[in-house]
There are 2 protein chains.
Amino acid sequence: MSPRKPSPPTQSRRNLAEEITGQLRAAIVSGQIKPGTSLAEPVLAERFGASRAPIREALIALERDGLVEFNDRSRTRVRSLTSADIEEICSMRVALESMAARLAARKWTAEDTRAMDENIRRQDRAATLGELSHLDVEMHEYVVRLAGHRRLLNAWRGIRWQFEMSLAYTHRLQQKLDFEPHRITVDSHRRVLEVLASGKPELAAKTMAAHIEGALEWSLAQFPVEPVVA
Amino acid sequence: MSPRKPSPPTQSRRNLAEEITGQLRAAIVSGQIKPGTSLAEPVLAERFGASRAPIREALIALERDGLVEFNDRSRTRVRSLTSADIEEICSMRVALESMAARLAARKWTAEDTRAMDENIRRQDRAATLGELSHLDVEMHEYVVRLAGHRRLLNAWRGIRWQFEMSLAYTHRLQQKLDFEPHRITVDSHRRVLEVLASGKPELAAKTMAAHIEGALEWSLAQFPVEPVVA
DNA sequence: CACTTTAAAACTGTCGACAGTTTTTACCCC
DNA sequence: GGGGTAAAAACTGTCGACAGTTTTAAAGTG
């Protein structure tokens with residue numbers, strides 16, 4: 001699945017379980033480990049040079065992220081994303097993030113505008129280069145965090161990595177098909193920033209919803225056929 | 001914390017971990033184990049006559065349910081509910097369940113009406129007797145499930161037990177203070193059922209939101225002072 | 001008595017092992 | 001070869017153990 005890496009240059013982050021979770025997550029989200037792949041504990045244990053205990057915890061964490069699923073007999077496999085999934089993810093984002101925007105708009109400060117503006121600027125640059133960046137997700141996370149709603153953030157985390165996985169997939173597809181980079185969202189982000197800073201909660205919510213739905217439209221339009229990450 | 005129970009009459013449900021999760025969850029939600037209580041793995045292990053492995057998994061599951069929280073040093077303790085928490089739970093329910101109602105209204109059938117009507121009838125009975133029943137939560141879960149949105153259901157589960165915990169707390173308080181039983185919601189439920197069956201998604205969403213917010217009003221009104229489950 | 005300091009007790013993270021099942025693989029018989 | 005069968009390999013659930021840390025309790029000091 002990948003060359004042995006008992007413990008790469010990276011210093012042990014926190015504990016083994018979290019370190020492994022992070023590595024596996026990155027591999028799944030990036031498509032390095034493909035959907036459908038079976039993840040057996042003993043195999044992973046050897047690959048990471050660890051025992052099964054931390055592996056087990058990592059798998060549970062990944063299940064929580066919606067990246068893997070457990071079989072009836074508890075066997076683990078990487079989940080795949082169908083177009084239906086992508087729409088589900090999108091509709092959840094609309095519900096959660098428009099709520100987040102409404103709350104965040106109330107607490108918005110000049111500092112937030114500066115931070116977000118900087119982020120958008122960098123996204124613009126990345127888009128020009130046709131790079132896939134985490135800036136988009138980070139920006140949205142920024143808003144959700146600012147909302148200051150613990151359970152909202154928690155629910156959002158439940159789809160965060162699935163969303164990132166779909167982004168990575170779209171990006172790969174784009175490159176393969178030599179499409180033009182996805183810069184539409186940059187303008188859209190500017191509009192979102194505007195309303196967030198304007199301090200109009202309801203408008204912020206609506207604009208955020210429109211922004212996310214717009215991104216979905218664009219995303220689905222990229223797929224000539226049934227878009228399935230598998 | 002409670003008398004030894006290596007394995008009560010109940011046959012082993014699925015696996016030990018889930019069985020323990022269920023028992024602990026019930027104990028926490030019902031207030032049998034009070035907020036703030038520390039849950040050490042070795043202690044629980046002995047209490048359930050199990051090793052630490054399944055206990056550990058149970059604790060992780062409970063954390064996911066929002067019933068316990070992990071310390072910086074990974075120590076586990078039962079979470080308490082402040083009025084702010086209750087409002088958070090309510091606002092999440094509004095967001096998630098109004099969305100669920102919108103989706104469910106589209107798939108509503110006569111059979112659903114029958115099932116829900118039966119449920120409401122039983123709630124009425126329970127309310128008259130001043131009993132705490134799971135029927136309320138069950139009804140809402142019914143709608144969320146019917147929505148047929150995997151991630152929505154998942155997010156809802158993230159607050160489900162916290163909600164139930166707050167209900168149980170309110171109920172206890174009610175009994176102690178000898179308040180009249182909570183029957184307002186029964187009428188409110190009827191209205192919700194009506195719009196769900198009417199097949200008007202938008203209206204269903206709004207009505208559901210109002211219903212949940214109404215329940216919050218009522219709930220907070222029960223507390224003369226800062227309502228804290230602790 | 002309040003305050004340290006020290007020793008004891010308790011916890012978490014991780015490991016390796018074993019039993020019971022499920023899945024594969026290899027084999028045999030038409 | 002098709003189809004089934006039986007032995008082999010691989011998995012998951014659970015256990016007990018140990019090391020390093022954190023807490024708690026005890027003892028000592030001014």
Side-chain angles (χ1 to χ4, degrees), chain A residues 1-2 4-8 10-25 28 33-65 67-79, chain B residues 1-2 4-8 10-25 28 33-65 67-79:
Chain A
M1 203 179 282
S2 151
R4 203 103 318 148
K5 277 203 281 180
S7 207
T10 318
Q11 284 199 18
S12 63
R13 210 182 340 194
R14 293 144 253 192
N15 58 42
L16 247 187
E18 287 182 48
E19 170 65 28
I20 292 172
T21 303
Q23 286 194 220
L24 274 178
R25 181 157 49 207
I28 293 173
I33 300 181
K34 293 203 217 50
T37 305
S38 150
L39 299 179
E41 291 170 12
V43 178
L44 294 176
E46 193 185 359
R47 170 172 167 197
F48 286 101
S51 75
R52 278 176 53 210
I55 298 287
R56 206 151 217 278
E57 281 187 30
L59 291 178
I60 292 176
L62 292 175
E63 196 268 346
R64 188 174 186 163
D65 290 337
L67 297 180
V68 308
E69 66 191 342
F70 298 131
N71 189 345
D72 302 328
R73 267 86 69 209
S74 291
R75 261 135 218 213
T76 313
R77 55 176 43 232
V78 179
R79 285 185 56 179
Chain B
M1 202 179 283
S2 151
R4 202 104 318 148
K5 278 204 279 180
S7 207
T10 318
Q11 282 199 20
S12 62
R13 209 179 342 192
R14 297 141 249 194
N15 57 44
L16 246 187
E18 287 182 48
E19 170 64 28
I20 292 172
T21 302
Q23 286 195 220
L24 275 178
R25 183 158 48 209
I28 293 173
I33 300 181
K34 291 203 215 58
T37 306
S38 150
L39 299 180
E41 291 170 13
V43 178
L44 294 176
E46 194 186 357
R47 171 172 166 194
F48 286 100
S51 76
R52 279 177 51 212
I55 298 288
R56 206 153 219 276
E57 280 187 30
L59 290 178
I60 292 175
L62 293 175
E63 197 268 344
R64 190 175 185 161
D65 290 338
L67 296 181
V68 307
E69 67 192 342
F70 297 132
N71 186 344
D72 302 327
R73 267 87 68 206
S74 290
R75 255 121 224 227
T76 314
R77 56 176 44 229
V78 178
R79 284 185 57 181

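Just so we're clear, the structure is a prediction, and the values are computed from it rather than from any experiment. Proteins come first, then strands; the chains are lettered A, B, ... in the order of their sequence lines, and each starts at number 1.
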Return the polar atom pairs (N/O with N/O) between nucleotides 15-18 of chain D and the protein under 3.5 Å, or none.
from	atom 1	to	atom 2	distance (Å)
D/dC15	OP2	B/S51	N	2.7
D/dC15	OP2	B/S51	OG	2.7
D/dC15	O5'	B/S51	OG	3.4

Pairing string, 5' to 3', for DNA chain C - Watson-Crick or wobble contacts under 3.5 Å, brackets [ ] where pairs cross, | to another strand: ||||||||||||||||||||||||||||||
A/R25 and A/L62: CA distance, side-chain angles, deciding distance, side chain to side chain contact (heavy atoms under 4.5 Å, CB included) verdict: CA-CA 7 Å; A/R25 181 157 49 207; A/L62 292 175; 3.8 Å; yes
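- Residues satisfying the side-chain contact (heavy atoms from CB on, under 4.5 Å) criterion with A/N71, sequence neighbours excluded, are A/R73, A/R75.
- Residues passing the side-chain contact (heavy atoms from CB on, under 4.5 Å) test with A/E41, sequence neighbours excluded: A/R52, A/I55, A/R56, A/L59.
- Interatomic distance, A/I33 CD1 to A/L39 CG, rounded to the nearest 0.5 Å: 6.0 Å.
- For the pair A/R77 CZ and D/dT12 P, the interatomic distance rounds to 12 Å; values are reported in whole Å.
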Which atoms of nucleotides 6-9 of chain D (N or O only) lie under 3.5 Å from a protein N or O atom, and what are those distances?
none

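- The distance between atom CD1 of B/I55 and atom P of C/dC11, rounded to the nearest whole Å, is 12 Å.
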Polar atom pairs between nucleotides 20-25 of chain C and protein, under 3.5 Å, N or O only, would you list them?
from	atom 1	to	atom 2	distance (Å)
C/dT23	OP1	A/R73	NH2	3.2

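- Rounded to a whole Å, the CG atom of A/L44 is 13 Å from the C1' atom of D/dT12.
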Working for side chain to side chain contact (heavy atoms under 4.5 Å, CB included), residues A/V68 and A/R77: CA-CA 5 Å; A/V68 308; A/R77 55 176 43 232; over 6 Å; no
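- A donor-acceptor pair under 3.5 Å links the side-chain atoms of A/N15 to the main chain of A/A17, judged by distance alone.
- Once rounded to the nearest 0.5 Å, the distance linking CD of B/E63 with CZ of B/R79 reads 8.0 Å.
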Residue pair A/I60, B/E57: steps toward the side chain to side chain contact (heavy atoms under 4.5 Å, CB included) verdict: CA-CA 9 Å; A/I60 292 176; B/E57 280 187 30; 4.0 Å; yes
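- A/E19 has its CD atom 11 Å from the P atom of C/dT14, to the nearest Å.
- The side-chain contact (heavy atoms from CB on, under 4.5 Å) check on A/A61 picks up A/T21, with sequence neighbours excluded.
- By the side-chain contact (heavy atoms from CB on, under 4.5 Å) test, B/S51 pairs with B/A53, B/P54, sequence neighbours left out.
- Residues that satisfy the side-chain hydrogen bond (donor to acceptor under 3.5 Å, both in side chains) test with A/E69, not counting sequence neighbours, are absent from this structure.
- The structure places CD of A/E19 at 10.0 Å from CG of A/L24, a figure rounded to the nearest 0.5 Å.
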